[in-house]
Protein chains: 2
Amino acid sequence: MVNIYSTTEEKIIAAAREVFIQKGMDGSRMQEIADRAEINKALLHYYFRNKDKLFTKVFEDVFSNVLEMFERIFSTETESLDAFIELFVTNYINLIRQKPFIVQFVLHELNQNPERVAGFIKSSKIDPGKIIALISKEPENSALQLLDPIHVMVNIMSMCIFPFLARPIIKEVLLSGSDEEFESFLDIRAGQVLAFVRLAIFNNNNPTP
Amino acid sequence: MVNIYSTTEEKIIAAAREVFIQKGMDGSRMQEIADRAEINKALLHYYFRNKDKLFTKVFEDVFSNVLEMFERIFSTETESLDAFIELFVTNYINLIRQKPFIVQFVLHELNQNPERVAGFIKSSKIDPGKIIALISKEPENSALQLLDPIHVMVNIMSMCIFPFLARPIIKEVLLSGSDEEFESFLDIRAGQVLAFVRLAIFNNNNPTP
DNA sequence: GTCTATAACCGGATAGAC
DNA sequence: GTCTATCCGGTTATAGAC
């Protein structure tokens with residue numbers, strides 16, 4: 001719930017985040033946000049003139065979390081493609097695991113408002129060209145000569161993100177329904193993805209020495 | 001748009017599907033559905049007592065599309081794991097490409113109403129155990145001894161579905177923004193996923209003879 | 001079955017006191 | 001800054017004629 005020691009504005013944002021994430025922009029009610037922030041509705045409008053501005057604020061806060069992590073990863077110097085992929089996969093899965101709601105929230109907004117989200121990414125310091133280049137210059141004996149670097153990039157992202165979106169299906173249908181089992185699934189997820197990718201593109205399962 | 005030769009009920013469902021898919025349950029207006037079906041609002045309530053019942057009807061129709069395809073795939077006898085994966089990947093990507101809206105729609109409902117969707121799947125003839133078993137009994141020299149079959153299954157599904165969810169990001173950030181380029185991306189997607197999976201689990205890129 | 005008109009309600013937003 | 005009270009537009013849903 002909402003920390004009672006924070007300022008009113010922080011309480012509002014925290015409450016709004018909870019509600020917006022769970023119900024989406026259209027499904028959320030200003031009344032519910034006010035209740036959860038333990039203030040009244042009028043005060044919401046005092047701090048953020050209307051629902052749309054409040055939503056935008058919350059979205060930008062949440063999305064900047066993702067962007068910062070990406071920027072951190074993309075600006076880390078790595079000695080090899082393998083090292084970069086390891087960095088990417090482990091950090092990404094870790095972040096999402098800590099804040100699983102992010103994925104759904106961003107994806108929903110992505111489809112309501114594609115230009116806005118794409119704009120955010122483009123105006124960040126993230127440069128996917130860097131990895132595409134890294135992948136492209138792998139030695140000729142590697143499997144990467146058969147694969148399009150962009151598809152490889154998409155493959156890696158897919159495997160990191162998708163399980164969090166399909167959580168209920170994985171939990172109920174592939175596993176046997178318990179939360180603990182899904183957590184165990186996540187415990188080994190990064191390792192499994194990494195092994196899968198290494199087998200596909202380096203033909204072995206060894207990290208670069 | 002809506003076929004003028006269909007019955008009123010069909011027109012309503014077609015119109016409702018368009019609107020619900022684009023705006024979600026909460027974002028949709030009965031008025032817009034009525035306009036698009038070229039009838040008036042009262043008639044909506046005559047055929048489907050309320051918005052919720054109409055939504056449920058539309059969702060069940062759409063979701064049964066996916067289920068039928070899965071059931072078809074899962075009941076096809078294949079001679080090898082490789083053949084099964086090829087069947088799965090190509091059919092799945094094909095279906096989604098024809099009806100890209102399905103993914104987002106199902107995923108949204110999945111998170112609003114996890115039990116319902118999981119229930120649908122469970123009560124279908126789909127048995128993921130069959131593939132898990134197929135994967136598990138691969139020869140000992142295969143890479144599959146290193147990988148958890150469930151994760152392999154999730155990997156394959158992720159790579160098929162995710163691109164349709166992240167479409168705007170792939171289009172704007174990884175490609176250079178044109179729809180044609182995204183379509184070309186999709187043209188080779190099934191082949192790329194298949195090659196990636198084969199490299200990972202069979203150590204080569206050859207279909208079973 | 002289909003329509004017009006309207007009831008009933010809900011939710012975002014504002015006025016104005018403190 | 002925070003509250004109570006209220007307005008007002010929009011949306012679902014129904015009544016009732018044809």
Side-chain angles (χ1 to χ4, degrees), chain A residues 1-62 104-105 108-109 111-113 116, chain B residues 1-62 104-105 108-109 111-113 116:
Chain A
M1 285 299 117
V2 176
N3 180 346
I4 55 167
Y5 296 106
S6 44
T7 67
T8 301
E9 181 165 346
E10 288 165 346
K11 281 200 291 188
I12 292 176
I13 293 176
R17 187 172 48 227
E18 290 174 14
V19 177
F20 280 140
I21 282 166
Q22 205 189 334
K23 316 220 165 153
M25 161 76 175
D26 294 322
S28 298
R29 297 292 159 251
M30 295 296 265
Q31 186 60 60
E32 187 176 350
I33 294 172
D35 291 347
R36 222 180 270 220
E38 291 168 304
I39 52 150
N40 75 40
K41 237 187 344 167
L43 211 50
L44 287 183
H45 289 87
Y46 174 80
Y47 279 92
F48 304 88
R49 197 154 53 258
N50 57 41
K51 190 180 177 181
D52 202 71
K53 286 192 167 42
L54 178 55
F55 181 83
T56 298
K57 170 65 177 163
V58 167
F59 180 78
E60 291 183 7
D61 279 10
V62 169
Q104 226 188 309
F105 191 53
H108 187 257
E109 183 65 7
N111 284 288
Q112 294 297 309
N113 215 328
R116 165 148 70 171
Chain B
M1 283 295 121
V2 176
N3 180 347
I4 55 167
Y5 296 106
S6 44
T7 67
T8 301
E9 181 165 345
E10 288 164 346
K11 282 200 290 190
I12 293 175
I13 292 177
R17 187 171 47 225
E18 290 174 14
V19 177
F20 280 140
I21 281 166
Q22 205 188 335
K23 316 219 165 154
M25 159 79 176
D26 294 320
S28 298
R29 296 291 159 252
M30 295 295 264
Q31 186 61 60
E32 186 176 351
I33 294 172
D35 291 347
R36 220 180 271 221
E38 290 168 306
I39 53 150
N40 76 40
K41 240 187 339 169
L43 211 50
L44 286 184
H45 288 88
Y46 174 79
Y47 279 92
F48 304 89
R49 196 154 52 260
N50 56 42
K51 190 181 178 181
D52 203 72
K53 286 192 166 42
L54 178 54
F55 182 83
T56 299
K57 170 66 178 163
V58 168
F59 179 77
E60 292 182 6
D61 279 11
V62 169
Q104 228 186 307
F105 191 54
H108 186 257
E109 183 65 7
N111 285 288
Q112 294 296 311
N113 215 327
R116 167 151 66 173

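Chain letters run A, B, ... following the sequence lines, proteins first and then strands; every chain starts at 1. Keep in mind that what you see is a predicted model, and the values were worked out from it rather than measured.
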Show the numbers, then the answer: is there a side-chain contact (heavy atoms from CB on, under 4.5 Å) between A:Leu54 and A:Ile12?
-> CA-CA 9 Å; A:Leu54 178 55; A:Ile12 292 176; 4.1 Å; yes

A:Phe48 CZ to C:dG12 C1': how many Å, rounded?
-> 16 Å

Given side-chain contact (heavy atoms from CB on, under 4.5 Å), test A:Asp52 with A:Met25 step by step and report yes or no.
-> CA-CA 8 Å; A:Asp52 202 71; A:Met25 161 76 175; 3.7 Å; yes

Any side-chain N or O of A:His45 less than 4.0 Å from the OP1 or OP2 oxygen of C:dA13?
-> yes

Whole Å only: how far is the CG atom of A:Leu54 from the P atom of C:dG11?
-> 16 Å

Atom-pair distance (OH on A:Tyr46; C1' on C:dA17), nearest Å | 15 Å

Checking D:dT4, D:dA13, C:dT2 against the side chain of B:Lys51 (C-beta onward), the nearest is D:dA13

What about the rings of A:Phe20 and A:Phe105, do their centers lie closer together than 6.0 Å?
-> no

How close or far is atom P of C:dG12 from atom NZ of A:Lys53, stated in whole angstroms?
-> 16 Å

Choosing from C:dG1, D:dC3, D:dA13, which nucleotide comes nearest the side chain of B:Leu43?
-> C:dG1

Which nucleotide in D:dG1, C:dT4, C:dT14 has an atom nearest any side-chain atom of B:Asn40 = C:dT4

Donor-acceptor under 3.5 Å (B:Lys51 side chain, B:Ser28 main chain) = yes

Any B:Arg29 side-chain N or O less than 4.0 Å from OP1/OP2 of D:dT12 | yes

Below 4.0 angstrom from OP1 or OP2 of C:dT2, is there any side-chain N or O of B:Thr8?
-> yes

Under 4.0 Å: is that the gap between some side-chain N or O of A:Tyr47 and OP1 or OP2 of D:dT2?
-> yes

Taken to the nearest whole Å, CD/A:Glu10 to P/D:dG1 is 13 Å

Taking N and O atoms by type only, does the side chain of A:Lys41 place a donor or acceptor under 3.5 Å from a partner on the base of C:dG11?
-> no

Could you pick out which residue, A:Ile39 or B:Met30, lies toward the 5' side of DNA chain D when each is mapped onto its nearest nucleotide?
-> A:Ile39

Worked verdict on B:Glu38 versus B:Lys11 for salt bridge (Lys or Arg N to Asp or Glu O under 4.0 Å) = CA-CA 8 Å; B:Glu38 290 168 306; B:Lys11 282 200 290 190; 5.2 Å; no

Between C:dA5 (C1') and B:Gln31 (CD): distance, integer Å = 13 Å

When rounded to whole Å, the NZ to C1' distance for the pair B:Lys23 and D:dT11 reads 14 Å

Separation of A:Leu44 atom CG from D:dT4 atom P, in whole Å?
-> 13 Å

A:Asn50 vs C:dG12: side-chain N/O to OP1/OP2 distance below 4.0 Å | no

